[in-house]
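Please read the structure below before turning to the comments.
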Amino acid sequence: MDIYAEMKALVDAAIARLVAEDALPGGLDLGAVTVEPPRDPAHGDMATNAAMVLARPAKAAPRAIAEALAGILAEAPVVVSAEVAGPGFLNLRLDPGRWFATVPAILAAGRDFGRSGAGGGRRINVEFVSANPTGPMHVGHVRHAVFGDALASLLDFAGFDVTREYYINDGGAQVDVLARSVHLRYLEALGRAVEFPDGTYPGDYLIPLGAELAEKHGESLVGTDHEEWLPDVRDFATEAMLALIREDLASLGVTMDRFFSERSLYGTGRIEAALAALEARGLIYEGVLEPPKGKLPEDWEPREQTLFRSTAYGDDVDRPVKKSDGGWTYFAPDIAYHFDKIERGYDELIDVLGADHGGYVKRMKAAVAALSDGKVPLDVKLCQMVRLFKGGEPFKMSKRAGNFVTLRDVVEQVGPDVTRFAMLTRKNDAPLDFDFDKVLEQSKDNPVFYVQYAHARAQSVLARGAAAGIDTSDAALATAVLGGLGAPGESRLIRKAAEWPRQVESAAAAHEPHRIAFYLFDLASEFHSLQHQGKLDPELRFIREEAPETSRARLALVRATQVVIAAGLGILGVTPMEEMR
RNA sequence: GGCCCCGUAGCUCAACCGGAUAGAGCACCUGACUUCUAAUCAGGAUGUUGCAGGUUCGAGUCCUGCCGGGGUCGCCA
C-alpha cells in the first residue's frame, strides 16, 4: 500500500509499453529510475527522473521520452496531470482521493503500516556491542547498543530475518586480568591487605564477586599458584560479567538473540578450519611485512609471520594471523567467527564497531569476501564517540565503576526511552553530544520531547473526540468520509504520513536508523502545525461539534498520524507516551 | 608517511543508490494563549556546501589533488 511503490510500478509499466511499441529500445536498466516527492511541492505530488536516466542509453532526447511517458501515465485513473518540466522531469499530480486512501490503510494496518517485504526474508546478522566481559557497560557502549538494536528492528520491519548477536571477547588477556582483579577482591574479602597494580580493574563492581568466592572457597585459593585458580576464577568472573552486561542491555530494552564466545573457537579446531578455508584459496602464506611508512616504531624489526593475503580483496597490506610467539592474533579467531556466521547461512552481515576500529574494516571485509566467495556482503558501521555534557558543560562522573560513566548512570538518570531516541538523533559516523539536561528538556529544541508530545497530543485530541460522542476506534474512524480534508495543512500531513513506507525502505537499505528519528520529527512538526491552525481558525479545529462527519475525518487523520509515530518509535525502541504531564 | 571518518547558515545538524531555487532547530526580530496541553504555532533574516580541478543533461553527494579536525597503523582486544 505504498503509494510511491505504486507510482513507481506505473512508471515502469509505462516504460515497458514504450519498449513494446519500439519507442524505446529493450534491455534498459531501470535501476536508477526513481519516483519521489519533489522538493518544491509546487511541482506536483511526485516526480520521476525516468526520462533523463533513460535518455542516454535510449539515445533519445529526455524531454521527448518524458512527453511519451506523460501521455501514457495521464491515462491512469489516479493521475490527474502529468507535466514535463526542466531538463526532463515528469511531474505527476494524483487524485486527492488516492492520498486520502492512505488514512484508512494506516488505520487498518495499525503499527504494521509500512512494514515491507523489501528484505525478502533474507537472513541478516547484526553483531553489536561485543564489549569485553570485564565490567559494566559504559556510555560508549550505549550508542552501540541502541544503534545496533534499532538497526536490527528497522531491518526486521523492512522484511529481513534478523539475528542480534554479541561476540564475547573472552579469548584474550583481558579476561585473565579480570580474573586477577577478582582474586584480589577475594583476598580483600578474607581480610588481606591488597593493592591494585596498574592494569588491573579496580572498580567496586568486583567486590561482591570477591566476597562470593571467599564464601564458596574459603582460604583454598590463597597462596596457591595462579595457574591453579586462574581458569576457574576467570570462568566464574566472566560469567558474572556477562550477567551484568545482560542486565545492562535489558535496562535499555536490548535483548540479544545469541551470545557467541570467542573462547569457544580456541582448541576446537575452528580457527584452524577457517584458516584452512583461506589456505585452500591460496590466501595464507609465510612472509615478512614491510615496515609501516613514515615514523618507524622503535622496536620494529622484520619478522616472518603467517599472513592473510587480504590485499587480494582490497586491503592495503596483508595481515598477520599469528603473533611472533606463535599464538593467534585477535584477527584469527575473528576470521573464524565470521566464517561461522557465513556457514550458519546468513545472506548479509553487519558489524557495529567503534570508530577506533576503522583500520580493521578492510581486512574483515576481505576475510568475509574470501570465505564466502564474494557472496555475503559485510557492512561495517562505525559509531563515533559520545561526548557527555550537563547543562552545556563537559561532564565526567566517577561512580561505581572506577573512572567511567556507566550505561546504568545514563539510563537511571534519563530513562531508556529518552536515551534511545537521543542516541539516534545523529548519524552513526558523526560524533554525538549527549547533554543530560537537554535531553530532558520539554521544548521543541529537544526532538525526543517534540515527537513524544505529538503522540500524546494526538491521544488528547482523540480523547476529546470520544468525549464529544465520536467513536474513535480504528474500525470506526476507517469509515470516515475524507473528501473534506482539503486544507493545506491536512494535505501536507497526509502526504508526510504516506511517505512512511518509503522512509522505512530507504533507511533500511542505507542501514541508517537515524533517518527514522528525523522523519518522525518532520511528521510531528506537520502535526503540531495543523493542530495550531485550529487555534487561528475555528473552522480548522479537529473537533467541530456542529460538523460531526468532518470531525470524524480529521480524527481519522489524527489517529493515523499517531499510529505512524508509534510505529516509528517502535522501531527505535521507544515507548510512545500517551500524556506528558 | 599510508589508510579510514568528518568538514554544509553565527551554533547544533538534515538532505532518501546524483535531481529542480541546499533544508530544520537554536540564537535574533515581529506576531498569536477565556487552549482540541502556547510544553505550541505563524512570519522575517541567514550559504562560494573547506579549496581547486574533473565526470555528468544535472554534483553537498561520484573521481583526482590539496587544506583543516579526529581515528588508526605487526607481537592490544
Side-chain angles (χ1 to χ4, degrees), chain A residues 31-32 34 36-40 43 47 49 52-53 55-56 61-62 85-89 91 130 132 169 171-174 262 288-297 299-303 305 307 315-317 319-320 322-327 329-331 333-334 354-362 382 384-385 425-427 429-431 433 441-447 449-450 453 456-458 460-465 467-468 499 502-503 505-507 509-510 512 514-515 518-519 521-522 525 528-536 541-544 551 554-555 558 579-581:
Chain A
T34 60
E36 40 190 31
R39 188 170 279 156
D40 183 350
H43 290 140
N49 61 356
M52 290 177 293
V53 169
R56 176 182 287 264
F89 283 102
N91 293 326
S130 300
N132 292 340
N169 289 134
Q174 78 281 29
E262 177 192 359
V288 180
L289 283 176
E290 293 288 315
K293 306 268 197 254
K295 269 177 286 178
L296 207 58
D299 59 346
W300 202 91
E301 52 186 78
R303 199 170 274 148
Q305 290 176 292
L307 300 169
D315 202 357
D316 308 302
V317 291
R319 304 293 179 175
K322 273 189 184 175
K323 299 191 276 200
S324 57
D325 66 3
T329 60
Y330 177 81
F331 188 36
D334 214 5
D356 57 342
H357 287 67
Y360 197 66
V361 174
K362 282 187 180 180
L382 299 177
Q384 275 288 355
M385 299 271 295
T425 54
R426 211 100 310 168
K427 57 187 167 206
D429 50 13
D433 292 348
E441 201 172 281
Q442 300 206 332
S443 78
K444 69 178 305 188
D445 191 18
N446 177 10
F449 165 76
Y450 188 75
Y453 181 36
R457 207 175 211 184
S460 168
V461 171
L462 289 166
R464 293 209 176 231
E499 272 182 38
R502 66 188 298 277
Q503 292 285 352
E505 286 193 11
S506 71
E512 290 185 347
H514 76 275
R515 290 192 197 178
F518 282 99
Y519 167 77
F521 185 86
D522 287 347
S525 179
H528 285 310
S529 173
L530 182 59
Q531 196 275 164
H532 192 78
Q533 282 166 35
K535 292 186 187 305
L536 306 177
R541 292 168 74 85
F542 292 132
I543 300 165
R544 293 173 57 212
S551 301
R554 289 177 178 166
L555 288 178
V558 169
E579 60 177 354
M580 301 300 289
R581 295 176 202 277

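Computation of the quantities below employed the complete heavy-atom set of this structure, encompassing side-chain atoms and omitting hydrogens, waters and symmetry-equivalent molecules. Every chain is numbered from 1, with letters handed out A, B, ... down the list of sequences.
Using a 4.0 Å heavy-atom distance criterion, A/Ala507 is classed as making no nucleic acid contact. A/Gly31 comes within 4.0 angstrom of a nucleotide base, judged by non-hydrogen atoms across all strands. Nucleic acid contact for A/Asn49: base, since at least one base atom lies under 4.0 Å from a heavy atom of the residue. Within 4.0 Å (heavy atoms only), A/Val461 reaches at least one base atom of the nucleic acid. Heavy atoms of A/Glu505 sit nowhere under 4.0 angstrom from any nucleic acid atom. Nucleic acid contact class of A/Gln174 (heavy atoms, under 4.0 Å, all strands): sugar-phosphate only. Nucleic acid contact class of A/Gly86 (heavy atoms, under 4.0 Å, all strands): none. As judged by a 4.0 angstrom heavy-atom cut-off over every strand, A/His357 is placed among the base-contacting residues.
The side chain to side chain donor-acceptor pair (under 3.5 Å) search around A/Asp522 returns none, not counting sequence neighbours. Not counting sequence neighbours, the partners of A/Phe542 by the ring pair (Phe, Tyr, Trp, His ring centres under 6.0 Å) test are A/Phe527. Applying the ring pair (Phe, Tyr, Trp, His ring centres under 6.0 Å) criterion to A/His43, with sequence neighbours excluded, gives no partner residue. Partners of A/Tyr519 according to the ring pair (Phe, Tyr, Trp, His ring centres under 6.0 Å) rule, which considers only residues two or more places apart in sequence or in another chain, are A/Trp500. The side chain to side chain donor-acceptor pair (under 3.5 Å) check on A/Asn91 picks up nothing, with sequence neighbours excluded. For the side chain to side chain donor-acceptor pair (under 3.5 Å) test, residues two or more places apart in sequence or in another chain that qualify with A/Thr34 are A/Asn49. Annotation: salt bridge (charged side-chain N to carboxylate O under 4.0 Å, His left out) contacts of A/Arg515 (sequence neighbours excluded): A/Glu512.
Taking every side-chain heavy atom of A/Tyr450 into account, B/rC41 is the closest of B/rA14, B/rA20, B/rC41. Listed candidates were B/rC16, B/rC75, B/rG71. Nearest to the side chain of A/Arg303 is B/rC75. With B/rA15, B/rC3, B/rG74 as the candidates, the nucleotide lying closest to the side chain of A/Lys362 is B/rC3.
Heavy-atom distances to RNA chain B give each of A/Gln531 and A/Glu301 a nearest nucleotide, and the one nearer the 5′ end belongs to A/Gln531.
Here, B/rC51 and B/rA14 have their C1' atoms 24 Å apart, quoted to the whole Å. Comparing the P positions of B/rA15 and B/rU61 gives a spacing of 14 Å, expressed to the nearest Å. Atom name P, nucleotides B/rG43 and B/rU49: the rounded distance is 26 Å, in whole Å.
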Please list, pair by pair, any protein nitrogen or oxygen found under 3.5 Å from a nitrogen or oxygen in nucleotides 54-64 of chain B.
from   : atom 1 : to      : atom 2 : distance (Å)
B/rU56 : O3'    : A/Arg56 : NH2    : 3.0
B/rC57 : OP1    : A/Arg56 : NH2    : 2.6

Give me the distances for all protein-to-nucleotides 24-29 of chain B N/O pairs that come in under 3.5 Å?
from   : atom 1 : to       : atom 2 : distance (Å)
B/rG25 : O2'    : A/Asp445 : OD1    : 3.4

Under 3.5 Å, N/O pairs linking protein and nucleotides 11-13 of chain B:
from   : atom 1 : to       : atom 2 : distance (Å)
B/rU12 : O2'    : A/Arg426 : NH1    : 3.1
B/rC13 : O5'    : A/Arg426 : NH1    : 3.1

Check: protein-nucleotides 43-46 of chain B nitrogen or oxygen pairs below 3.5 Å:
none

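Below 30°, between 30° and 60°, or above 60°: for A/Tyr360 and A/Phe331 the angle between ring planes is above 60°, a perpendicular geometry. Taking the six-membered ring where tryptophan is involved, the planes of A/Tyr453 and A/Phe449 are essentially parallel, since the angle between them stays under 30° and well short of 60°.
Ring-base stacking between A/His43 and B/rA20 is satisfied, the centre separation being under 5.5 Å and the plane angle under 30°.
Annotated stems with RNA chain B as a participant read B:1-7 with B:67-73, B:10-13 with B:23-26, B:28-32 with B:40-44, B:50-54 with B:62-66, given as range with range, by first number; only runs of 3 or more Watson-Crick or G-U pairs under 3.5 Å qualify.
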